[in-house]
Amino acid sequence: MKAQFLTALCIVAAPMAMADISLGANSPAAVAAAPSATEYVKTAHDVLSVVKELTVILEGVKDQASADAAAAQVGSITARMVELQKKAEAMPRPSAEVESMVRNGINVAEVQQVVSSFMNSFIRIGMNGAYGSQALLNALGPVVNAMPGSQE
């Protein structure tokens, strides 16, 4: 199964950054059982919170010692993202009314800033070969595997 970190981000946070909520399918059964706007907003905020936490950790990586130290934290955050992705994937696409309420409950500028900060840190670490830390590379594996074009 493909690693989950960025997939969850794409499912929940990134579309919100572009003001296009695209959760789940819109089958009649799914619409009837759809969660409230509050639940969609909470899920988005949960994803954003985890991405912020990961970004703070990645911003602190400056050498092999800090990269090695960050690896365990990165691994636990990735595990939390797996659970958030499962939750997000299980959510049906919201109705137009709920989708509008969700958009109003999300700070799009904040989402864009968080995603940008995450990507900058992630790219910096990648360009520096994870500062020689195999442990950090392993912990970031799910992030790399979840990127578009990667293999399962």
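Side-chain atoms are counted along with the backbone in the values below, which use heavy atoms only and exclude waters and symmetry mates.
No more than 12 heavy atoms of other residues, nucleotides or ligands shown are found within 6.0 angstrom of NZ on Lys42.
Taking both residues in full, the closest heavy atoms of Ala139 and Thr78 are given as O-OG1, 3.8 Å, listed atom of the first, atom of the second, then distance. Here the closest heavy-atom approach between residue Ala135 and residue Asp68 is recorded as CB-OD1, 4.3 Å. Smallest separation of non-hydrogen atoms from Arg124 and Val61: NH1-O, 2.6 Å. Taking every heavy atom of both residues into account, Pro92 and Pro35 meet most closely at CD-CD, 3.6 Å. Contact detail for Ala37 and Met101: the closest heavy-atom pair is CB-CE, 3.4 Å.
Inspection of the Asp46 and Thr43 side chains reveals no N or O donor paired with an N or O acceptor under 3.5 Å. Using modelled atom types and a 3.5 Å distance limit, the side chains of Tyr40 and Arg103 yield no donor-acceptor pair. Looking at Glu59 and Thr55, their side chains never bring a donor and an acceptor atom within 3.5 Å of each other.
For the pair Val111 and Leu48, the minimum side-chain heavy-atom distance is below 4.5 Å. Two residues are said to be in side-chain contact when any heavy atoms from C-beta on lie closer than 4.5 Å; Met81 and Val47 meet this criterion.
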Which is it for Tyr131 and Leu136 under the side-chain contact (heavy atoms from CB on, under 4.5 Å) test, yes or no, and what are the steps along the way? CA-CA 9 Å; Tyr131 298 93; Leu136 184 58; 5.7 Å; no
Taking it one step at a time, do Leu58 and Val74 satisfy side-chain contact (heavy atoms from CB on, under 4.5 Å)? CA-CA 8 Å; Leu58 295 180; Val74 169; 4.1 Å; yes
Go through it in stages, so that I can follow the logic: the residues are Ser117 and Gln113, the test is side chain to side chain donor-acceptor pair (under 3.5 Å), and I'd like the CA-CA distance, side-chain angles, deciding distance and then a yes or no. CA-CA 6 Å; Ser117 293; Gln113 185 277 319; 2.7 Å; yes
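Counting only distance, with no hydrogens or angles, the side chain of Ser76 and the backbone of Gln73 share a donor-acceptor pair below 3.5 Å. Between the side chain of Ser66 and the backbone N or O of Asp63 there is at least one donor-acceptor pair closer than 3.5 Å.
Here the straight-line distance linking atom CD1 of Ile57 with atom CD1 of Ile77 works out to 3.5 Å at 0.5 Å rounding. For the atom pair Gln64 CD and Asn128 CG, the distance stands at 12.5 Å (nearest 0.5 Å).
By the rule that hydrophobic residues join a cluster once side-chain heavy atoms approach within less than 4.5 Å of another member, Val50 and Val56 end up as members of separate clusters.
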